[in-house]
Amino acid sequence: EKKQFDKFKVLTAVPRSEMPKGAKAMTTTWAMKKKPSGKLRGRLNARGYEQQEGKHYFADSIATPVTNPNSIQILLTLLGMNPAWVAEVIDVEGAFLQGKFTNGEELYIEVPEGFEEYYPGDVVLWLNVPIYGTKQAAACFYKALVAKVKDRNYQRSKADPCLYYIWKDGRLSMMVSWVDDITALGCPKDVKQIKSDLESAFICKSEGELKEYVGCKIKIKRKSNGLATIKFTQPVLIKKLEDK
């Protein structure tokens, strides 16, 4: 996590004595989880409930949409019906760390547990970008994503604000976002172009063929006639219920 923060230049150490008058440093907490792939992940989160409205965030700038499950089902139905289509997942690396503050907010955090060796002395850490846990983090990334997508001539669906599409040489290709997980669908060369467009806008990595999405395992099997059967399962949810 420290390497990730350094990569995106997230933190700047500031002597506590130089903090603006009346400023307060938020505390942080670690969130640990097991991803559907089985990978263990630890993420540093700010305690956003310590933020003050009108000073550290603005109430009209924190709402962020995610794609509608109906959109996912419709897109996968189109995938199943079209033998020429493929679906691939693109992960925006440290997505929230690639957003930008849009209202001039100045936020500080106390040195996180485990980071003490990197920041000796009586210092606080100034946030150059929103981190996970801050109230505006998701909204800042979403605004950045929409702006970059529009710059590359994609249209945004009027029915789903997280569904984007483009026509090229009579072919339709589409992408749908669930915060930082993006699925691209279309002919292979069009999906390749979508990945290239995203990589020119953000630091991201291809996760390959669509096999899981938002906690669901997805199995796609093409028949001899080109049509596909698509099966959703949720083994991680079942495991959580078993553990509980």
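As the structure is a computational prediction, the values presented were derived from the model and not from experiment.
A cation-pi geometry, defined here as NZ or CZ lying under 6.0 Å from the six-membered ring centre and within 45° of its normal, does not hold between Lys217 and Phe232. The cationic atom of Arg156 (NZ for Lys, CZ for Arg) does not lie both less than 6.0 Å from the six-membered ring centre of Tyr164 and within 45° of the ring axis.
Looking only at atom types and distance, the side chain of Thr134 has no donor-acceptor partner in the side chain of Gln51 under 3.5 Å away. With 3.5 Å as the limit, one finds a donor-acceptor pair spanning the side chains of Asn128 and Thr12. Side-chain polar atoms of Ser200 and Arg152 form a donor-acceptor pair below 3.5 angstrom. Counted by atom type alone, Tyr57 and Asn103 present zero donor-acceptor pairs between their side chains at under 3.5 Å. If you check the side chains of Asn45 and Thr29, you find no donor sitting under 3.5 Å from an acceptor.
You'll find the side chain of Tyr118 stays beyond 4.5 Å of the side chain of Glu116, heavy atoms only.
Salt bridge present: Arg16 and Glu110 bring a charged side-chain N and a carboxylate O closer than 4.0 Å. Salt bridge Glu105/Lys135: absent, no basic N to carboxylate O contact under 4.0 Å. At a threshold of 4.0 Å, the pair Lys205-Glu93 does not count as salt-bridged, since none of the basic side-chain nitrogens sits closer than that to a carboxylate oxygen.
Atom CD1 of Ile74 and atom CG of Leu163 lie 9.0 Å apart (nearest 0.5 Å). To the nearest 0.5 angstrom, Asp160 atom CG is 9.5 Å from Met174 atom CE. In this structure, Ile131 CD1 and Met26 CE are separated by 6.5 Å, a value rounded to the nearest 0.5 Å. One distance of note links OG of Ser173 with CD1 of Ile194; it measures 4.0 Å at 0.5 Å rounding. If you take CD1 on Ile203 and CD on Gln4, they are separated by 8.5 Å, rounding to the nearest 0.5 Å. Interatomic distance, NZ of Lys150 versus CG of Leu145, reported as 11.0 Å (0.5 Å rounding).
Around atom CD of Glu113, no more than 12 heavy atoms belonging to other residues, nucleotides or ligands sit under 6.0 Å away. Heavy-atom contacts from other residues, nucleotides or ligands closer than 6.0 Å to NZ of Lys148 number 12 or fewer. Heavy atoms of other residues, nucleotides or ligands lying less than 6.0 angstrom from NZ of Lys240 number 12 at most. By the 6.0 Å contact criterion, NZ on Lys2 is enclosed, its count of non-hydrogen atoms from other residues, nucleotides or ligands being greater than 12.
In plain terms, the two heavy atoms of Trp178 and Thr67 that are nearest each other are CZ3-O, 3.4 Å. Between Ala13 and Leu125, the shortest heavy-atom contact is CA-CD2, 3.8 Å. Closest approach of Tyr108 to Val14, counting heavy atoms only: CE2-CG2, 4.3 Å. When all heavy atoms of Val129 and Phe101 are compared, the pair lying nearest together is C-CE1, 3.5 Å. Of all heavy-atom pairs between Val89 and Glu212, the closest is CG2-O, 4.3 Å. The nearest pair of heavy atoms linking Leu172 to Trp85 is O-CZ2, 3.5 Å.
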Kindly determine whether Ile230 and Thr77 satisfy side-chain contact (heavy atoms from CB on, under 4.5 Å), including the steps that lead there. CA-CA 8 Å; Ile230 301 174; Thr77 299; over 6 Å; no

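Ring geometry, Phe96 versus Phe141: the interplanar angle falls from 30° to 60°, so the pair is classed tilted.
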